[in-house]
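Residue numbers count from 1 along this sequence.
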Amino acid sequence: PILYSYFRSSCSWRVRIALALKGISYDLVPVNLLKDGGQQFSAEFKAVNPMQQVPALKIDGIALSQSLAIIHYLEDTRPSPRLLPQDPKKRAQVRMIADHIVSGIQPLQNLSILKQIGEKKMEWAQTCIASGFQALEQTLQHTAGRYCVGDEVSMADLCLVPQVFNAERFKVDMRPYPTIARINKALLELEAFKVSHPSRQPDTPAELQA
């Protein structure tokens, strides 16, 4: 497999965690979202992913984009360890939390939106994340065990950790979200989350390396 990734992309990080959890080795092709006007806009990368976004994964003779679609494919083809619970109610909760982050928070504060916002990007990102986290904190109080849904790592957790990292980058006050903070801390102790961390990627700038 070949993963096209950017060290600080939260969408790429989700996929790196999934690959690590499932023990899938891969070659990494860095796509720098800032350099050369954004390497994602190159003709070469557009041929891989017409949306010109990371991540993209070449695997089993196909090219996939969109982090959740990639993770679902890995789940379907390499089901161990599972990232979706077998219980239908818990499975729905995992998908709900993942969608909450992937659709309801992350796109509002991603690079392309922040470029449009301009000078007030920090304030904008803080508002979007805080609004999403207020709802997420409430949801997790009903679903969480050690992790987002019960005590097994799921797709929801793969989305949570990168989003908390973004929140910290944008200096969001995490005190109102004790459940989110507790789950994030527990997940960051797991090896798959450590090895996939933005501070430990081949394309991480020297000053940001762990």
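The side-chain heavy atoms of Trp13 and Ser5, taken from C-beta on, include no pair separated by under 4.5 Å. Counting heavy atoms from C-beta on, the side chains of Leu140 and Tyr177 never come closer than 4.5 Å. Looking at heavy atoms from C-beta onward, Arg8 lies in side-chain contact with Leu208 at the 4.5 angstrom threshold. Using a 4.5 Å heavy-atom threshold, the side chains of Arg14 and Gln106 count as touching. Side-chain contact between Phe41 and Asp36: absent, with no pair of heavy atoms (C-beta onward) separated by less than 4.5 Å.
Considering only residues two or more places apart in sequence or on other chains, Arg91 meets the salt bridge (charged side-chain N to carboxylate O under 4.0 Å, His left out) condition with none of them.
A donor-acceptor distance shorter than 3.5 angstrom exists from the side chain of Arg16 to the backbone of Ser196, with no hydrogens or angles considered. Using a distance-only test at 3.5 Å, with no hydrogens or angles considered, no donor-acceptor pair links the side chain of Lys58 to the main chain of Leu3. Although no hydrogens or angles enter the test, the distance criterion places no donor-acceptor pair under 3.5 Å between the side chain of Ser65 and the main chain of Asn49. A donor-acceptor contact shorter than 3.5 Å links the side chain of Glu137 to the backbone of Thr179.
Rounded to the nearest 0.5 angstrom, Leu158 CG and Leu187 CG are separated by 8.5 Å.
When all heavy atoms are compared, the tightest approach of Glu75 to Leu83 is OE2-N, 2.8 Å.
Between Phe45 and Tyr4, the two ring planes are tilted [angle within 30° to 60°].
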